Visitor: 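The structure follows.
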There are 2 protein chains.
Amino acid sequence: MSMQIGELASKCGVRIDTVRYYEKQKLLVPSGRTEGGYRIYSKVALRELRFILRAKSLGFTLKEIQELLTLKIDRENQPCSSVKELAEVKLKDIEEKLTELGRMHNALTAITDACCGGEEPATACSILDALDKEDS
Amino acid sequence: MSMQIGELASKCGVRIDTVRYYEKQKLLVPSGRTEGGYRIYSKVALRELRFILRAKSLGFTLKEIQELLTLKIDRENQPCSSVKELAEVKLKDIEEKLTELGRMHNALTAITDACCGGEEPATACSILDALDKEDS
DNA sequence: CTTGACCCTAGACTTAACTCCAGGGATAGG
DNA sequence: CCTATCCCTGGAGTTAAGTCTAGGGTCAAG
Ligand SMILES: [Zn+2]
Ligand SMILES: [Zn+2]
Ligand SMILES: [Zn+2]
Ligand SMILES: [Zn+2]
């Protein structure tokens, strides 16, 4: 029903420090405190932490997750379009990274395939040559 | 034939600070110094900086580039296999990132496509629902 | 001789998302 | 009461690859 920070963290597979860090970033507020000052979390908080972690696994930064949470908290008065826009920005972001990594992969594969990988001296290694070429 | 740091940097499209930073990281040593203490670079240095930048554009970190340079400097006594190994480690690294980004892209595309993106309240927004779901 | 463009150093700052530390308090069990 | 285990705070440290700042020196032209 309600738990301390250690249990919450281990239930979500994150460290205690991470939970406190999210609190400092205003992503996750404890449901209350004990007399002794210990944070207590309800299962609502558990669900909120899972929300954050799922968003993270989709590539959203903590700052972006804050925006998502702002929309979610006020769902009734926020349009779908605002949520979708955040998702589309992130998608484009991911696509750019994919393109760039794909370019790197192609280029690196090409010069790596051309390298014999043998034990003789690398005096004519295609990889070093490609990096050291005169032109460009 | 020989130039100062500003010319070298602008020829390669990087900042002066970057050149000095590479020097601190032992990637690029000036060919000499003027009496007044100015760094001077030969066209060999220019070529070395281009080597570094090409390697960077293939995804190598500065630390990895140092290893590549170590091999290149001693090309005659280093086997192709050592060079190829570095390239293959980097390729695998890139492939892992591609896989992870691809996973994110698929997941995010799926929940984004399901969102209407309209102006009505996001009370049943598929994106927020996917992030906030009960299970998992 | 002065101006402006260029260069020097050492060291601090940036970003993101934690992670760790010191020094101490809370709580439960025996 | 003692101990173990948990928790608290504030602040510093981590990583990569720069970027910026302060305070000053160099050099060529006019
Ligand atoms: Zn070979
Ligand atoms: Zn080779
Ligand atoms: Zn909708
Ligand atoms: Zn929606």
Side-chain angles (χ1 to χ4, degrees), chain A residues 2-42 45 49 51-69 89-90 93-94 97 100-101 104, chain B residues 2-42 45 49 51-69 89-90 93-94 97 100-101 104:
Chain A
S2 132
M3 61 200 116
Q4 292 186 346
I5 196 170
E7 191 181 344
L8 176 69
S10 80
K11 264 187 175 133
C12 290
V14 300
R15 307 202 183 213
I16 289 176
D17 282 337
T18 302
V19 177
R20 285 197 283 245
Y21 176 70
Y22 289 170
E23 181 177 346
K24 212 182 321 181
Q25 304 306 116
K26 319 212 186 219
L27 292 175
L28 183 65
V29 182
S31 319
R33 293 272 182 151
T34 66
E35 275 209 4
Y38 285 19
R39 291 170 179 84
I40 42 183
Y41 297 92
S42 66
L49 178 51
F51 180 102
I52 293 167
L53 297 175
R54 266 184 223 113
K56 251 180 69 61
S57 83
L58 293 181
F60 289 100
T61 63
L62 298 188
K63 197 158 163 297
E64 291 159 348
I65 292 171
Q66 237 187 49
E67 299 180 60
L68 284 171
L69 285 169
V89 166
K90 180 51 55 180
D93 183 13
I94 291 172
K97 284 184 185 148
E100 174 67 0
L101 277 175
M104 286 180 184
Chain B
S2 133
M3 63 200 115
Q4 293 187 342
I5 197 170
E7 191 181 344
L8 176 69
S10 79
K11 264 186 175 134
C12 290
V14 299
R15 307 202 183 215
I16 288 176
D17 283 336
T18 302
V19 176
R20 285 197 283 245
Y21 176 70
Y22 289 170
E23 181 176 346
K24 211 181 326 181
Q25 303 306 115
K26 319 211 188 221
L27 292 176
L28 183 64
V29 183
S31 319
R33 294 270 182 152
T34 67
E35 277 209 4
Y38 286 18
R39 291 170 179 82
I40 42 183
Y41 297 93
S42 65
L49 178 50
F51 181 102
I52 293 167
L53 297 175
R54 267 185 224 113
K56 251 179 69 61
S57 83
L58 293 181
F60 290 100
T61 64
L62 298 188
K63 197 159 161 296
E64 290 160 347
I65 293 171
Q66 236 186 51
E67 298 181 59
L68 283 171
L69 285 169
V89 166
K90 180 50 55 180
D93 184 13
I94 291 172
K97 285 184 185 146
E100 174 66 0
L101 278 174
M104 287 179 184

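First the proteins, then the strands, lettered A, B, ... as listed; each starts at 1. Quick caveat: nothing in here was measured; it's all calculated off a predicted structure.
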Visitor: Tell me: CZ of B:Phe60 to C1' of D:dA16, nearest whole Å?
Guide: 17 Å
Visitor: Tell me: CE of A:Met3 to P of D:dT5, nearest whole Å?
Guide: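 Distance check: A:Met3 CE to D:dT5 P gives 23 Å.
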Visitor: Between atom CZ in A:Arg15 and atom C1' in D:dT14, what is the gap in whole Å?
Guide: 13 Å
Visitor: Nearest to the A:Arg33 side chain among C:dC8, D:dA17, D:dC8, which nucleotide is it?
Guide: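 Closest nucleotide among those given: D:dC8.
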Visitor: Rounded to whole angstroms, how far apart are OH on A:Tyr21 and C1' on C:dC20?
Guide: 14 Å
Visitor: Determine whether a donor-acceptor pair (N or O, by modelled atom type, separation under 3.5 Å) exists between the side chain of A:Gln66 and the backbone of A:Gln25.
Guide: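 Pair found, side chain donor or acceptor close to backbone of A:Gln25.
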Visitor: Specify the residue among B:Arg20 and A:Arg20 whose closest nucleotide of DNA chain D lies further upstream toward the 5′ end.
Guide: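 This one resolves to A:Arg20.
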Visitor: Among the candidates D:dC7, C:dC7, D:dT9, find the nucleotide nearest to the side-chain atoms of B:Gln4.
Guide: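 When the side chain of B:Gln4 is considered, C:dC7 is the closest of D:dC7, C:dC7, D:dT9.
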Visitor: Respond yes when some side-chain nitrogen or oxygen of A:Tyr22 is under 4.0 Å from OP1 or OP2 of C:dA17, and no when none is.
Guide: no
Visitor: Is it the case that the base of D:dC8 and the side chain of A:Tyr38 share a donor-acceptor contact (distance under 3.5 Å, atom types as modelled)?
Guide: no
Visitor: Write down the distance between CD1 (B:Ile16) and C1' (D:dC20), rounded to a whole number of angstrom.
Guide: 13 Å
Visitor: Round to a whole Å and report the spacing from CD of A:Glu7 to C1' of D:dT5.
Guide: 15 Å
Visitor: Starting at CD1 of A:Ile40 and ending at C1' of D:dC6, how long is that distance when rounded to a whole Å?
Guide: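 These atoms are roughly 15 Å apart.
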Visitor: Of all the heavy-atom pairs spanning A:Leu69 and A:Ile52, show the shortest one and how long it is.
Guide: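 That closest heavy-atom pairing would be CD1-CG1, 4.3 Å.
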Visitor: Look only at the side chain of B:Ser42 and the backbone of B:Ser31, and say whether a donor-acceptor pair between them is shorter than 3.5 Å.
Guide: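 No, the answer is negative, given that no donor and acceptor are paired below the 3.5 Å cut-off.
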Visitor: On DNA chain C, check which nucleotide each of A:Asp17 and A:Glu35 is closest to and give me the residue with the more 5' one.
Guide: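 Its nearest nucleotide being more 5', the pick is A:Asp17.
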Visitor: Using only side-chain N and O atoms of B:Lys56, determine if any of them is under 4.0 Å from OP1 or OP2 of D:dG18.
Guide: yes
Visitor: What closest approach, in Å, do A:Tyr38 and A:Gln4 show between heavy atoms, and which atom pair accounts for it?
Guide: CD2-NE2, 3.2 Å
Visitor: Figure out the CG/P separation between A:Leu28 and C:dA17, and round it to whole Å.
Guide: 16 Å
Visitor: Might you point out which heavy atoms bring B:Ile16 and B:Ala9 nearest each other, and give the distance in Å?
Guide: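 For B:Ile16 and B:Ala9, the tightest heavy-atom pair comes out as N-CB, 3.9 Å.
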Visitor: DNA chain C: A:Thr18 or A:Thr34, which has the more 5' nearest nucleotide?
Guide: A:Thr18
Visitor: Is the shortest side-chain N/O distance from A:Arg39 to OP1 or OP2 of D:dC7 below 4.0 Å?
Guide: no
